[in-house]
Amino acid sequence: MYNFKDIEKKWQKYWVDNKTFKVVEDNNKKKFYMLVEFPYPSGSGLHVGHARCFTASDVQARFHRLKGENVLFPFGFDSFGNPAEQYAIKNHEHPSIMTHKCIDVFRNQARSLGLSTDWDREVSTCEPEYYKWTQWQFIKFFNAGLAYKDEKEINWCPKCKMGLSNEDSQGGTCVRCDTPVEKKLKNQWMLRMKDYSDKLIDGLKDTEILDKVKTAQINWIGRSEGAHVIFKIKEVDDELTVFTTRCDTLYGATFMVISPEHPILEKYSNLIKNFDEVKKYQDIAKSKSEIERTDNTREKTGVKLDGLTGINPVNGKEIPIYISDYVLMGYGTGAIMAVPAHDTRDYEFARKFNIDIIPVLDGGDISKEAYTDDGVHINSGFLDGLNKEDALNKMYEYLEDNKIGSRFTNYKLQDWIFSRQRFWGEPIPMVHCDKCGWVPVPEEDLPVVLPNVKNYEPTDDGESPLSLIDEFVNTTCPKCGGHAKRETDTMPNWAGSCWYFLRYMDACNSHEFASMDKMKYWGQVDLYDGGMEHATRHLLYARFWNIFLHEQGLVPYSEPFQRRIAHGMILASNGEKMSKSKGNVVNPNDMIEEYGADALRTYEMFIGDYSKDAAWNENGLKGCAKFLDRVWRLQDKLNDKDGVSSEIETLLHQTIKKVTNDIESLDYNTAVSALMILLNKMEEIGSISRADYRIFIELLNPFAPHITEEINEVCGLGEQLSVSSWPKYDEAKTILDNYEMVVQVNGKIRGKILVSTNASREEMIKLAKEIDNVKLFIDGHDIVKEIVVPGKLVNIVVK
RNA sequence: GCAGGUGUGGCGAAAUUGGCAGACGCGCUAGACUUAGGAUCUAGUGGAUAUUCCAUGGGGGUUCAAGUCCCUUCACCUGCACCA
């Protein structure tokens with residue numbers, strides 16, 4: 001085996017020492033911005049999954065650089081986060097110490113992979129120089145009225161003593177520790193992300209974000225067109241507003257359901273005769289975990305309000321109001337009109353509580369079809385006989401004319417809860433003054449730096465540990481100079497990653513987050529590689545953030561990412577997820593140690609379709625190490641001939657074409673296989689020219705940069721590959737003079753024959769019919785049809 | 001339940017988008033060289049009742065021709081999930 005250890009170390013040192021991949025803005029060159037999601041520097045080090053996407057990104061970066069483009073390929077660390085905080089709590093040590101250690105490990109690992117990164121642009125979100133600007137941008141949100149404080153019932157993890165976003169408490173348990181999530185009222189900073197719902201949907205149009213990622217985002221935003229309908233309450237001069245997407249079925253609304261948390265219950269608790277029962281139901285609902293509550297296989301439960309009755313606004317009918325936990329306070333208005341004939345949930349509920357079921361659409365199967373689109377309206381007064389669309393339009397009109405409702409678009413997307421009661425995050429740069437209210441910290445006083453504390457654990461009442469530090473909390477109001485208190489909440493983990501791609505463009509700027517000139521030069525991210533797990537949250541937050549900055553005139557583009565792809569995961573050899581607990585984690589360091597970085601890189605590119613998950617197989621890696629060793633040994637086969645060898649000229653051109661196209665279309669696995677085919681052929685012909693070898697290593701360079709650079713140097717094949725250019729192919733030379741034509745009879749292969757590439761139709765048929773085995777199948781039969789596909793085959797159809 | 005995805009040898013996968021199914025690699029078998037081989041090289045490797053036939057989850061269809069297009073069905077994976 002060739003001496004990969006020394007070779008790889010040598011070139012890695014060379015690249016770092018010589019800043020080979022340093023990039024500066026250059027208006028004479030086309031730019032290419034390759035972004036890969038930056039890692040969280042955890043204590044467990046780089047994962048082979050990281051190695052896969054970092055390598056793929058590096059292949060792109062090197063390829064585009066060789067094509068003559070000015071490539072921005074930066075690297076950094078998403079370095080605020082819970083593991084470092086947990087470590088700090090245990091060891092009473094500032095989390096930055098641990099974080100910096102981890103970053104050093106990660107950086108070395110990334111370097112030992114041979115990434116062609118411009119290390120002068122490294123960013124780390126936990127550095128004051130970085131989060132100063134995260135805070136600065138938050139103040140922009142505040143000044144624009146998009147950051148506000150609100151008393152929110154939040155998801156509360158009693159173990160982490162921490163408020164969780166909806167996203168972090170999916171499934172009713174804490175995303176970090178799996179403790180069941182409780183509800184708690186908390187005054188929180190919020191960002192008005194919901195207002196950006198339409199912009200977040202519309203902005204997708206001009207991007208090449210992977211379709212399935214777009215779909216995931218659109219579903220997450222959950223836009224639905226419908227109407228607010230106002231139901232008067234019989235007993236009091238008040239009303240209940242519901243949201244519905246099918247106001248055309250209003251005549252079929254035979255009851256109403258409101259969420260157990262609906263404020264009207266408290267408001268009229270004195271009028272509700274069975275309030276005890278209501279109260280009991282509320283308590284049960286509160287104690288239920290989110291999972292229990294949203295299990296839609298569960299039998300419907302509820303309580304009928306005794307003392308409050310709704311009035312259906314289209315026919316004046318009195319209808320009962322129930323509370324039930326299948327109606328969620330967080331969606332719509334927390335109240336619905338129930339149309340049991342055409343909604344499965346309402347149907348189940350009506351059956352259980354013996355409520356009238358009035359069909360209003362003809363032909364729908366009540367028990368199965370919710371809101372069937374078939375059939376015209378019946379039992380629906382002025383809507384009778386109309387189809388869905390016409391009925392909806394007529395009802396919208398009717399609602400607005402009679403002031404009993406209006407069109408309304410509802411979204412699942414909520415405003416972003418931006419507060420965390422934690423230590424290891426960006427302090428929210430706000431000061432509260434009794435006189436002036438919330439006042440942002442002046443720009444010149446940024447960053448608000450995280451102080452040293454003794455204990456990193458949140459306080460028992462759930463406040464950040466920062467709240468215990470008087471020197472931090474007590475300050476003066478920037479507006480009136482009076483006594484004021486600092487906000488002690490910090491930002492969520494997502495904040496730093498909302499704009500890191502901007503910082504990379506101008507990473508060392510100390511007076512702006514990035515200069516407009518540089519942002520204009522680098523523009524949008526040309527290719528953003530990341531995992532499917534970030535398809536919704538991270539990408540939506542980052543897009544929201546960027547759209548806002550654009551509206552403020554602070555960044556040149558509204559959409560930050562031109563193209564987004566999603567790579568598959570690397571699984572353990574048995575197809576399971578790699579995890580510490582299962583003990584099946586493969587450490588890329590060990591692999592590099594044993595087989596070399598080039599072998600690891602090549603294998604990770606060869607392992608399979610880049611967009612799909614792939615199971616780890618060390619034998620496959622061995623195979624790639626063997627491949628590289630054979631490439632190394634080609635040195636022994638060098639001859640003194642000039643130019644490329646005639647025996648492989650066509651294959652060389654074909655391979656250049658194939659590898660070029662495959663890298664562009666992210667088909668890394670077939671690019672590597674094309675190189676293997678070329679190697680096989682080179683070995684077969686016994687000796688190769690220097691020109692042959694040079695082309696080979698040029699093509700292999702993005703995948704295996706160290707060995708190719710070394711071969712180039714020891715054989716003196718030409719200038720350094722890292723500053724060289726990508727080989728070109730001649731389309732005409734990719735085509736052979738002759739090819740093996742397939743001859744079919746009735747679609748079955750009956751023979752093959754070598755024919756000239758420019759043989760005519762007639763010649764092809766003539767040659768086909770001369771094959772003995774073909775004769776066997778056509779003699780004595782009538783020829784019905786002769787199909788000729790030039791360059792491919794002849795198919796003779798006989799009867 | 002809804003949305004998206006995937007089903008091809010013993011395994012990872014290819015297939016110029018309707019034109020030779022299984023490229024390339026792993027593994028396996030046999031051989032060569034070796035004191036030795038978890039090194040290297042050579043040959044073979046989908047199945048079978050083998051001039052041919054059968055094979056891309058199953059069934060049907062379109063076509064001269066289907067892994068690819070259409071209908072239908074099954075299985076698995078991933079999101080979201082009582083969203084009105």
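Only a predicted model underlies this, so the values are computations on that prediction, with no experimental measurement involved. Reminder, nothing fancy here: chain letters follow the sequence lines and each chain counts from 1.
Residue A/Lys577 places its NZ atom among 12 or fewer non-hydrogen atoms of other residues, nucleotides or ligands, all under 6.0 Å distant.
In summary, the aromatic rings of A/Phe606 and A/Phe703 are positioned with their centroids too far apart to meet the 6.0 Å limit. The ring of A/Phe627 has its center no closer than 6.0 angstrom to the ring center of A/Trp632.
OP1 or OP2 of B/C53 has at least one side-chain nitrogen or oxygen of A/Arg750 nearer than 4.0 Å. Residue A/Ser224 has a polar side-chain atom (N or O) positioned under 4.0 Å from OP1 or OP2 of B/A84. In this structure, A/Lys212 does not reach the B/G5 phosphate: none of its side-chain N or O atoms is under 4.0 Å from OP1 or OP2.
Both the sub-6.0 Å distance and the 45° axial angle are not jointly satisfied by A/Lys304 relative to the ring of A/Phe353.
Ion pairing between a basic and an acidic side chain is recognised when a charged N comes within 4.0 Å of a carboxylate O; A/Lys388 and A/Asp248 show no such pairing.
RNA chain B is contacted by A/Asn773 of residues 767-781 of chain A, taking any non-hydrogen atom closer than 4.0 Å.
The backbone N or O of A/Asp730 sits less than 3.5 Å from a side-chain atom of A/His653, completing a donor-acceptor pair.
Across the interface with RNA chain B, nearest-nucleotide mapping of A/Lys577 and A/Gly222 shows A/Lys577 to be the residue nearer the 5′ end. Comparing A/Glu683 and A/Lys748 against RNA chain B, the residue whose closest nucleotide sits nearer the 5' end is A/Glu683.
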Under 4.0 Å protein heavy-atom contact, by nucleotide of nucleotides 10-37 of chain B - B base, S sugar-phosphate only: --BSS-B--BBS-BBSSS----------
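Not counting sequence neighbours, the partners of A/Arg351 by the side chain to side chain contact (heavy atoms under 4.5 Å, CB included) test are A/Tyr347, A/Ile357.
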